[in-house]
Amino acid sequence: MITRRFLIKAATAVVLCASAPAFAAEEQPFTRQAFLAAQKDGKSILVEIHASWCPTCQAQKPILGKLFADPKFKNLAVFRVDFDSQKDEVRNFKARIQSTLITFKGNEEIARSVGDTNLDSIADLLALAL
């Protein structure tokens with residue numbers, strides 16, 4: 001039996017999917033295999049060292065979301081490294097603290113920032129990898 005609640009949820013899901021930009025960069029959990037594949041393909045990459053408890057990371061989240069929706073960054077491969085559970089990867093990237101953003105173009109690290117919550121400077125950082 002189809003309930004009114006089901007219909008409302010279904011309609012809401014359709015509206016949300018339809019309003020989501022098709023050109024948005026997609027963030028994914030970091031895996032070494034996916035990262036190396038993106039590097040091999042010469043992609044523009046953002047590695048985000050993130051901790052769920054970090055207030056700076058939480059401040060970066062909506063800024064990055066806004067930038068990922070920009071068509072300029074549609075081909076950016078975005079990998080989120082969990083600061084607490086992926087310690088080996090944090091060390092491999094030589095990240096000392098969470099809220100570190102690192103951009104790559106293929107195999108080459110282009111730039112990094114730590115603790116930045118300014119939309120313009122984060123946009124500039126991402127643009128360097130394009």
Side-chain angles (χ1 to χ4, degrees):
M1 182 171 166
I2 297 177
T3 64
R4 188 181 327 183
R5 180 177 288 169
F6 173 80
L7 290 174
I8 291 171
K9 285 183 180 180
T12 302
V14 168
V15 169
L16 290 176
C17 288
S19 64
F23 48 78
E26 292 187 30
E27 185 177 66
Q28 58 186 302
F30 181 89
T31 65
R32 176 62 49 185
Q33 182 179 6
F35 175 72
L36 293 174
Q39 283 189 311
K40 183 179 177 187
D41 291 343
K43 290 189 175 186
S44 299
I45 302 168
L46 169 66
V47 173
E48 176 189 357
I49 310 294
H50 180 87
S52 60
W53 48 265
C54 168
T56 304
C57 298
Q58 293 306 317
Q60 288 175 337
K61 198 173 188 177
I63 294 167
L64 290 170
K66 182 175 183 176
L67 292 171
F68 296 161
D70 185 332
K72 177 179 177 179
F73 300 115
K74 70 179 178 183
N75 294 322
L76 185 67
V78 182
F79 297 99
R80 179 180 275 190
V81 176
D82 185 276
F83 183 78
D84 296 314
S85 66
Q86 295 180 294
K87 289 292 188 186
D88 289 342
E89 298 302 344
V90 172
R91 279 191 289 278
N92 285 339
F93 286 113
K94 297 177 177 67
R96 296 180 185 256
I97 63 171
Q98 68 286 350
S99 73
T100 299
L101 305 173
I102 310 167
T103 55
F104 291 85
K105 190 164 197 164
N107 293 325
E108 182 183 355
E109 181 178 329
I110 302 300
R112 66 173 57 206
S113 71
V114 178
D116 189 0
T117 58
N118 179 280
L119 179 98
D120 293 334
S121 60
I122 294 174
D124 291 344
L125 176 80
L126 299 183
L128 290 172
L130 301 179

Using salt bridge (charged side-chain N to carboxylate O under 4.0 Å, His left out) as the criterion, list what pairs up with R112, not counting sequence neighbours.
-> E109

Heavy atoms of G106 and Q39 approach each other most closely as O-CG, 3.2 Å

Is V78 reachable from F73 through a run of I, L, V, M, F, W or Y residues, each pair having side-chain heavy atoms under 4.5 Å apart?
-> yes

Drop me the distance from E48's CD to F79's CZ, to the nearest 0.5 angstrom.
-> 12.5 Å

Partners meeting side chain to side chain contact (heavy atoms under 4.5 Å, CB included) with K87 (sequence neighbours left out) | F83, R91

NE2-OG1 distance between H50 and T100, expressed to the nearest 0.5 angstrom = 12.5 Å

Please examine the side chains of D84 and W53, heavy atoms only from C-beta on, and report whether any two atoms are closer than 4.5 Å.
-> yes

Kindly determine whether L101 and L64 satisfy side chain to side chain contact (heavy atoms under 4.5 Å, CB included), including the steps that lead there.
-> CA-CA 10 Å; L101 305 173; L64 290 170; 4.2 Å; yes

Are I49 and L36 linked, directly or through other ILVMFWY residues, by side chains that come within less than 4.5 angstrom of each other?
-> yes

Which pairs would a plain distance check flag for residues 118-130, meaning a side-chain donor or acceptor within less than 3.5 Å of a matching protein atom at least two apart in sequence or in another chain?
unit_1, atom_1, unit_2, atom_2, d
N118, OD1, D120, N, 2.9
N118, OD1, S121, N, 2.9
S121, OG, D116, OD1, 3.0
S121, OG, D116, OD2, 2.4
S121, OG, N118, O, 3.2

Considering residues at least two apart in sequence or located in another chain, which fulfil the side chain to side chain contact (heavy atoms under 4.5 Å, CB included) criterion with R96?
-> none

Which heavy atom of K105 sits nearest a heavy atom of I110, and at what distance?
-> N-CG1, 3.6 Å

Atom pair CZ/CG of F68 and L46 - distance to nearest 0.5 Å | 5.0 Å

Euclidean distance, C54 SG relative to Q98 CD, rounded to 0.5 Å = 4.0 Å

Tightest non-hydrogen contact, residues S99 and Q60, listed as O-NE2, 3.3 Å

Straight-line distance of I45 CD1 to E108 CD, nearest 0.5 Å | 11.5 Å

Residues which pass side-chain hydrogen bond (donor to acceptor under 3.5 Å, both in side chains) with S52, listed by chain and number, not counting sequence neighbours | none

Residue set satisfying ring pair (Phe, Tyr, Trp, His ring centres under 6.0 Å) with F30, at least two apart, ordered chain then number -> F35, F93

Drop me the distance from T117's OG1 to K61's NZ, to the nearest 0.5 angstrom.
-> 16.0 Å

